[in-house]
Every structure is written in structure tokens, then in C-alpha cells.
Amino acid sequence: MKFFSSLVKPSITNKLLIRFISIAVVPFLFSGFIIIIIVVDSLKKEAFNNLSAIADDRVLEVKNYINRKKQNINRLAHLPNIAFSVYKLIQIHQQKGVHGSEYNALHGQIYESLVCFNEDSSYKDIFIISPNGNIVFDINRKLKSTINLKTDSLKKTDLGKLFNDAILVKSTLISDFKWYGPLNESVAFIAAPIERKDVFFGVFVVVFRSNDIYEFVSSRSDFGSSSDIFLVKKEEDSAVYIPCKNYHESNFNLDFKKKRILMGSNDFIPIQKAVKELKGTEIYTDFNGTDILASYRYIPQIKLGLVVQIDKNEAFKPINNLIRTILIIGFISLLLVIILVFIFSKSIANPIVNLTKTDRLIAEGNISAKAHVNATDELHDLAMSFNNMLAERKKAEDALHTSEERLKKILNSSPDSIVVIDLNGRVLECNKTAIDTFHFSTKEEFIGLDALDQVDPPDRKKARLHLRKTLKVGLSKNMDYYCRTKEGNKFPVEVSASTILDINNDPQSFIIIARDISERKKGEKELFRSNQELEQFAYIASHDLKAPLRAIRQITTWMEEDLQDIMKDDTKKQMGLLRGRVDRMESLLSGLLEYSRIGRK
């Protein structure tokens with residue numbers, strides 16, 4: 001009891017035992033299960049194939065048996081002495097009838113020959129039919145000599161049809177098995193044309209009993225204690241069958257009427273398939289609820305179905321014996337595996353206990369704890385690797401904390417608003433400048449909002465196009481539009497955006513950098529106003545200053561003309577310099593005027 005209670009205790013030894021058993025046993029059981037499935041499936045296929053081969057052999061034997069019967073009568077029809085005797089008998093019959101001494105003498109000779117032949121072949125009756133359809137010989141003398149198979153009343157009978165077909169095709173033929181009144185049993189007729197040197201004399205017809213077929217098949221039906229073979233024929237809407245194992249002719253006629261099933265019913269499916277000219281092997285349940293393995297065929301020569309069957313348990317008996325042996329061997333092997341696993345798990349339990357204690361301390365937050373294992377094998381290496389991993393982890397956590405603090409300071413010290421949004425436009429993260437710029441009290445108040453709601457409505461369409469372009473190319477810069485504060489006051493911003501990719505290089509969010517350009521916009525307005533004033537001044541100056549310059553040039557020209565005779569060379573030189581300065585000044589004013597005109601274009 002103490003041993004079993006220790007197994008129930010959730011210790012590391014028991015856990016290792018359970019896991020090692022699972023690791024060892026599950027593949028063992030799985031592989032054993034697969035092997036059993038494969039072997040069982042193979043043996044089942046072999047059982048199916050064996051029964052199919054038996055069915056094919058029986059069909060072949062029946063075909064050969066029928067062919068031998070046909071060959072016997074065919075050889076008889078081609079014996080020269082028999083053919084000559086038949087020829088003379090038919091001539092005498094046509095000329096003198098059956099009452100003359102000559103006919104009786106020849107009939108006796110043929111009778112003796114055919115009786116010897118029939119001792120080996122065991123036909124029920126033998127006829128000789130003349131080319132015009134008269135029955136000129138009957139070994140049993142049960143048919144009238146006046147019968148003619150070409151008359152309307154007889155040519156449609158099985159015997160009449162067979163006679164006419166044999167004459168037509170000039171080969172040995174066999175009819176279907178049907179009930180024959182004169183013999184009071186089921187028979188088939190075999191007809192062979194009598195020829196000599198391609199001259200047709202008549203037709204030999206023998207009566208072949210169905211009982212002979214059943215007895216032949218019965219002699220080959222013992223291939224197991226529960227085996228049996230059925231021969232089946234279709235009669236109207238029923239399938240009539242006879243078990244051939246232990247077949248006795250004496251009780252055939254009585255049992256034959258009882259052993260029939262309705263076509264289309266759920267009874268004895270293989271029999272129904274056999275008379276439908278199908279071929280196959282399958283398992284069915286008989287009238288007693290027993291599973292039966294059956295193989296069915298159709299024999300076109302005699303238009304009968306053949307079903308070979310055996311009890312499923314007997315057919316699959318080798319499978320059951322094999323499974324029993326595999327289970328015994330598997331149980332013994334499993335027991336040995338459990339014992340070895342228990343010993344192995346005990347040998348490694350103590351070092352693992354120490355590792356689990358250290359792991360528990362680390363889980364409680366003591367990252368500085370170290371594992372101590374008194375071993376020299378891989379468990380010692382595991383403990384050292386565990387300690388190194390802890391040291392590396394602590395370094396990585398410290399570095400990550402430092403990096404996060406550095407990044408947080410960089411973001412919060414940026415003069416620009418930095419906002420991270422998802423692909424749907426929801427705010428995920430922001431820096432302090434963004435909170436202040438949009439007049440939010442806390443970060444939590446801003447996070448979760450739709451970033452496009454902070455854009456002035458007239459510019460939202462442009463902002464959406466901006467994001468789509470960024471999603472497509474990965475980066476966009478210097479887009480100007482107006483945003484709104486929490487209170488609804490709008491202000492101009494310059495926005496740059498880029499995508500943040502995941503591990504698969506697929507976009508997962510945007511980082512938006514927005515700069516408040518209110519002061520720059522004011523400066524641009526002031527510069528625009530100054531430029532306008534400058535353009536106006538230049539335009540005025542270029543017009544107002546040219547008139548005095550033209551007057552100075554004119555006065556200078558007049559003075560030179562009036563004082564030309566008394567003006568000294570030095571004075572003329574100074575007057576030339578004055579005109580040059582005037583021209584230069586006029587050129588500068590013309591340039592200033594042109595500049596002012598460019599500003600107005």
C-alpha cells in the first residue's frame with residue numbers, strides 16, 4: 001500500500017515516470033497498432049484473394065467440365081464409323097420409316113456403340129436428329145419417331161432452338177438448364193453437328209443433367225469446415241440456388257423449391273449479384289446473423305451463378321491468432337519498459353528537484369538565484385547554462401530598461417508632436433508635445449481617439465490620401481494642412497509620416513510627426529506684405545526718378561551747345577562724366593522698373 005500511495009503522490013519522480021512511460025509507450029503502442037493494422041489488412045486481403053482464387057478455380061473447373069462434355073459429343077459426331085452409320089440410318093428412316101428390319105438392325109448397332117460411349121459420359125439420353133428435323137434415334141426410346149423439330153409447335157422449344165442453331169453455326173452448342181418433363185428433372189441439351197468431309201448428315205443431341213454439375217461442384221466444395229458452394233439460376237423475379245456441399249440427388253427436387261430468394265431483397269446479396277453477371281468478393285450477414293465471406297461469379301456457358309463462401313471467423317482465424325500473440329508479446333515488452341523507466345527516472349530525479357527549487361525562486365522574482373546541482377553529467381551542464389541564461393537575461397532586461405528610458409526622453413524632448421496610430425487611424429502612442437499641442441490633459445485622454453478627427457474637416461480628405469500614399473511607398477514628407485485642438489481651435493501643421501513594419505515586413509502602424517507652423521505662417525504673411533511694398537516702391541521710383549534725370553541730361557546738352565566755344569577741355573570732360581552718371585542711373589532705374597513689372601506678372 002505504501003508503494004502505491006507513493007506513486008499517487010505528485011512528485012518529480014512520478015512525473016518523470018509518467019512522462020518517460022508516455023514517451024516510451026506511446027510510440028510503442030502506436031507502432032504496434034500500425035503493425036497490427038497493416039498485418040491484419042494484409043491477412044484480410046489475403047483471405048479475400050484466397051477465396052477469390054478458389055471461386056475462379058471452381059468456375060474454371062466447371063467450364064472445363066462443360067467443355068469436356070461438349071468435346072466428348074463433338075468427337076462422337078466426327079467418328080467415321082458413327083457418322084456413316086448415322087447417315088445410313090437417316091436414309092432408311094426417310095425411305096422406310098422405323099418399322100423395317102433394316103432400320104432395327106442398324107439402330108441396334110448404333111445403340112450398342114452409344115451405350116458404351118454413355119458409360120463413360122453418363123448422359124441421361126442421346127438423340128440423333130436428321131437434317132429435316134426428325135428424331136431418328138432415341139437411346140431411351142421415350143420420344144416418338146414422328147416428332148419433327150422444325151414444326152411450329154416444336155421449333156420454339158429449347159431442343160428445337162438448339163437444333164436449328166447447331167445447323168446454322170455448324171458447331172457444338174449447349175442450352176440453358178431447364179425443367180424437362182420426360183425425365184422429370186432439370187437438364188440441358190448439348191448438340192453437335194454430324195459431319196464427314198464437310199458433308200452434314202444430322203445432329204447428335206445429348207441430355208446433360210444439372211445434377212451432374214451439382215455433384216461435380218460438390219466434390220470440390222470442401223475447403224473449410226464452414227465452406228460451401230452455391231450454384232444459382234434466375235427464374236422470373238427470384239434467384240434459385242442449391243448448396244453443393246454434401247449434395248445428395250435424392251433430396252434435390254424437394255429442397256430446390258425451398259431455396260429461393262426474391263430479387264431486389266436484402267437477403268443473400270452475393271447470390272443476387274451472381275445471377276446479375278457480377279463478379280466480386282464481400283462480407284454479408286446470413287439468415288442466422290452470421291458474418292460470411294463470399295465470392296461470386298457468373299458462368300456464361302451454362303448461364304448459372306456460382307457463390308463460394310466460408311464463415312468469416314474461420315477465414316480470419318489466422319488474424320485472431322496473430323493479434324493474440326502480438327498482444328501477449330506487447331504486454332511483456334510494456335512491463336519491461338515500465339520497470340526500466342522507473343529505475344531511470346529515480347536516477348535523475350534528485351538533480352531535477354534542485355533545478356525546480358531554483359526555478360521556483362526565480363518565478364518568485366529572485367533573478368539573482370543560482371542553480372546548484374551535484375552532478376558531473378549533462379544535468380551539471382544544464383545547471384551552468386541555466387545560470388548563464390539568468391545572467392544574460394538580467395543584462396538584457398537592464399539594457400532594455402535603459403533603452404526604453406532613453407527613447408522616452410528623446411520623444412518627450414522633441415519639439416514636434418509624435419503620434420503612433422494603427423492602420424485604422426486609432427492613436428496608440430504619443431509624446432508630451434502632442435498632448436500639449438492638441439490641449440489634452442493626459443496621454444490616456446488622447447490614446448484611442450481617431451487621429452483624423454483632430455484634422456480640420458476641409459483637410460481630412462487630403463490627410464486620408466496622405467496616409468494611403470504612406471502605406472503604399474512607406475514614407476511621405478512635408479504635407480501641410482490644418483488640425484484642431486481639443487477645444488476646436490485650428491492651427492497649421494507640417495506632417496511627415498512613415499510606416500512601422502512587423503516581423504514579416506507588413507505594415508502594422510504609422511508614426512506621424514507633426515510640427516506646428518503657426519509662427520512660420522505668420523512670417524510668410526509678413527514677408528508677403530513686405531514684398532508687395534517693395535514692389536510698389538520700385539515701381540514708383542522707376543517712374544518718378546527718370547524725369548529729373550532726363551532734365552539733367554537735357555540741360556547738360558544745352559550747356560555744351562551754348563558754351564561750346566568758351567568751354568575748356570577740363571570742363572568738357574566733367575560734362576561727359578556727368579552724362580555717363582546720368583546714363584548709369586537711368587539704366588539702374590530701368591532695371592528696377594523691369595523688376596517691379598516682373599513682380600506684377
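What you see is a predicted model, and the numbers here were worked out from it, not measured in a lab.
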Got a sec, which residues hit salt bridge (Lys or Arg N to Asp or Glu O under 4.0 Å) with [X], two or more places apart in sequence or on another chain?
X      : value
Asp422 : none
Asp267 : none
Lys161 : none

May I ask you to check whether over 12 heavy atoms, not counting those of [X], lie within 6.0 Å of atom [atom1]?
X      : atom1 : answer
Asp502 : CG    : yes
Phe48  : CZ    : yes
Phe200 : CZ    : yes

- Query: Which atom names give the shortest non-hydrogen contact between Ala315 and Ile310, and what distance separates them?
  - Reply: CB-CG2, 3.8 Å
- For the residue pair Tyr103 and His93, does the interplanar ring angle fall in the parallel (under 30°), tilted (30 to 60°) or perpendicular (over 60°) class? tilted
- Query: Parallel, tilted or perpendicular: which fits the ring planes of Phe268 and Tyr241, with parallel below 30° and perpendicular above 60°?
  - Reply: perpendicular
Side-chain donor-acceptor pair under 3.5 Å between [X] and [Y], yes or no?
X      : Y      : result
Gln91  : Tyr87  : yes
Glu282 : Tyr296 : yes
Asn134 : Asn132 : yes

- Message: According to side-chain hydrogen bond (donor to acceptor under 3.5 Å, both in side chains), who are the partners of Asn50, at least two apart in sequence or on a separate chain?
- Response: none
- Candidates Ile82, Val203, Val86 - the one meeting side chain to side chain contact (heavy atoms under 4.5 Å, CB included) with Ile128: Val86
May I ask you to decide if [Y]'s main-chain N or O and [X]'s side chain share a donor-acceptor pair within less than 3.5 Å?
X      : Y      : result
Thr290 : Asp286 : no
Arg297 : Gly280 : yes
Ser85  : Asn81  : yes

- Query: Could you walk me through whether Asn184 and Trp179 pass the side-chain contact (heavy atoms from CB on, under 4.5 Å) check?
  - Reply: CA-CA 7 Å; Asn184 197 29; Trp179 190 260; 3.0 Å; yes
- Quick note, salt bridge (Lys or Arg N to Asp or Glu O under 4.0 Å) partners involving residues 32-44, not counting sequence neighbours, are Asp41-Lys45
- Provide the full list of side-chain hydrogen bond (donor to acceptor under 3.5 Å, both in side chains) pairs with a residue in residues 167-178, sequence neighbours left out, each pair given once. Asn74-Thr172
- Message: Counting C-beta onward and ignoring hydrogens, is there a side-chain heavy-atom pair between Phe208 and Phe177 closer than 4.5 Å?
- Response: yes
- Side-chain contact test, heavy atoms from C-beta onward, threshold under 4.5 Å: evaluate it for Ser226 versus Asn313 and give yes or no. no
